[in-house]
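Reading through the structure tokens given below for one structure.
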Protein chains: 2
Amino acid sequence: MSDLRDPRDLRVPDATVARLATYLRVLSTLVDRSVVTVSSEELAHAAGVNSAKLRKDLSYLGSYGVRGVGYDVRTLSEQISHALGLSTHHEVALVGVGNLGQALAGYGGFASRGFRIAALLDADPRLVGAVIGGRIVHSVDDVATVVKEHSITIAVLAVPAHVAQEVCDRLVDAGVTSILNFAPAVLSVPEHVDLRKVDLAAELQILSFHESRKAAAAMAKVAGS
Amino acid sequence: MSDLRDPRDLRVPDATVARLATYLRVLSTLVDRSVVTVSSEELAHAAGVNSAKLRKDLSYLGSYGVRGVGYDVRTLSEQISHALGLSTHHEVALVGVGNLGQALAGYGGFASRGFRIAALLDADPRLVGAVIGGRIVHSVDDVATVVKEHSITIAVLAVPAHVAQEVCDRLVDAGVTSILNFAPAVLSVPEHVDLRKVDLAAELQILSFHESRKAAAAMAKVAGS
DNA sequence: TAGATTGTTAATCGATTAACAATC
DNA sequence: TAGATTGTTAATCGATTAACAATC
């Protein structure tokens, strides 16, 4: 009995977890197209990765493929969904309903992929009480109550950088254990809290880096190396 | 002469490039606070990384620190800025001015960190001609003209997933060489084009994965291992 | 000179990938 | 059985980090 390990015991590499989300998205399109079976080669191609990597990624979840045949689209979809914890419900709060926050509040891609924004919060008294996308905006002062009432575990942070750490602290105090940070600020959280960040300007700066490399390469070519 | 290598010749690891953007952001706050000198230990702490990693990252750009003293904030700022190609101007087009696109068009974080959205494009005839944030919305049919006129090299893609590849192809044909994709779709581009993606729902799914791990761990603890 | 801190080395760690035995 | 494709091994590659010689 003790060597029949629960897949949850196995450590799944971070890089793999990130790709599982992509595989799941691709599998959803296959389900929609009523595709029954898919090979690692096909799925990998559709996900933009190497097939060995895909098989290795899937092997962390267990053996759900059939040699000589491939993977059952629906089964694999369910397994990945389960591995990502999407079979249990996670309540999400969105903090900061400014420019970016409002767009995130209305973003259809969250709902279609398993997330519902249960609550909106903001510090601006002019926004508190307003209704956005059918949900009322609560005051950040009530964060403890709101988090408890909606059993919120995940928060999306879209507040100005200079208040991000303070708001983050309040969320953690209220019991939030995962934070997705859009504020361009480095946040520190206790060990039991997971933190991810999306830095929009940094993404453009990374592209800018490669742009100038390409420009330099083009220069060198013209100059005749 | 030939062994005085241009820093551009040295390959900078991808992971380093991504962090350079963070260092630059932290350095900007130090400039604002009139801090003159910073040690790798201090800067690393502020950026949320290990100091050895920071020094190794900076070493790819050259030697701009002074042993026993640290780094001159302004000089280092300029060097990183230069390395990221921010001293040359990159024109950005935003394609898809729906929910998310409008938020990105109005996002202050781009301008403050060196990027100007030079043009907006959309396929919806009801939006074409509209003025958003002082910029007129062009038709995607005019992408070739718009890209040429504004010398655009970078495009931000915020269109629905099912048209993302098509729009991407048109951008590439028009001469765009870097694309930041917000559409939940796997895109393929020619080798000379750089592609980065931001998958908002995937970010939540990754957090969900860790949430369910934490829940399972808490369960195991209660059950008494 | 003594103290501090960089830049670099080398060891370690984690992720990728080709190759192929297992097996449907 | 023959053909196809998985799951896994082992080699390789790239990134991280501790440690310290170089040097301000």
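Throughout, protein chains are lettered first and strands after them, A, B, ... in sequence-line order, and every chain is numbered starting at 1. Values below: every heavy atom of this structure, side chains too, minus hydrogens, waters and symmetry copies. Just so it is clear, the structure is predicted and the values come from calculations on it, not from any experiment.
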Closer than 3.5 angstrom, by distance alone: can the side chain of [X] be matched with the main-chain N or O of [Y] as a donor-acceptor pair?
X	Y	result
B:Gln102	B:Asn99	no
B:Lys214	A:Thr177	yes
A:Arg25	B:Pro184	yes

Exercise. In terms of side-chain geometry, is the basic nitrogen of B:Arg74 or B:Glu78 positioned less than 4.0 Å from the acidic oxygen of its partner?
Worked result: no

Please round to the nearest 0.5 Å and tell me the distance separating atom [atom1] of [X] and atom [atom2] of [Y].
X	Y	atom1	atom2	answer
B:Leu86	B:Leu24	CG	CG	6.5 Å
B:Gln165	B:Asn181	CD	CG	9.0 Å
B:Leu157	B:Leu187	CG	CG	6.5 Å
A:Tyr71	A:Ile80	OH	CD1	9.5 Å

Problem set entry | Bounds of contact between DNA chain C and chain A, in 5' to 3' order, using a heavy-atom cut-off under 4.0 Å |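 Contact span on the strand: C:dA15 to C:dC24.
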
For this session: Mind running side chain to side chain donor-acceptor pair (under 3.5 Å) on B:Asp57 and B:Tyr23 for me, showing each step along the way?
Result: CA-CA 10 Å; B:Asp57 283 343; B:Tyr23 302 153; 2.6 Å; yes

Exercise. With A:Arg113, which residues qualify under side-chain hydrogen bond (donor to acceptor under 3.5 Å, both in side chains), at least two apart?
Worked result: B:Asp199

Problem set entry | For B:Thr22, side-chain hydrogen bond (donor to acceptor under 3.5 Å, both in side chains) partners two or more places apart | none

Exercise. Under a 4.0 Å heavy-atom cut-off, which of residues 193-203 of chain B touch DNA chain C?
Worked result: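 Correct list: empty, so none.
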
Problem set entry | Of residues 33-43 of chain B, the positions that come close to DNA chain D - non-hydrogen atoms, cut-off under 4.0 Å | none

Exercise. Hey, which of these two, A:Pro13 or A:Val69, hits DNA chain C nearer its 5' end, going by closest nucleotide?
Worked result: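 Nearer the 5' end of the strand: A:Pro13.
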
For this session: Can you run through DNA chain C from 5' to 3' and write each base as (, ), [, ], | or . depending on how it pairs? Watson-Crick or G-U wobble, both distances under 3.5 Å.
Result: ..||||||||||||||||||||||

Exercise. Between B:Ser151 and B:Glu91, does any side-chain donor sit less than 3.5 Å from a side-chain acceptor?
Worked result: no

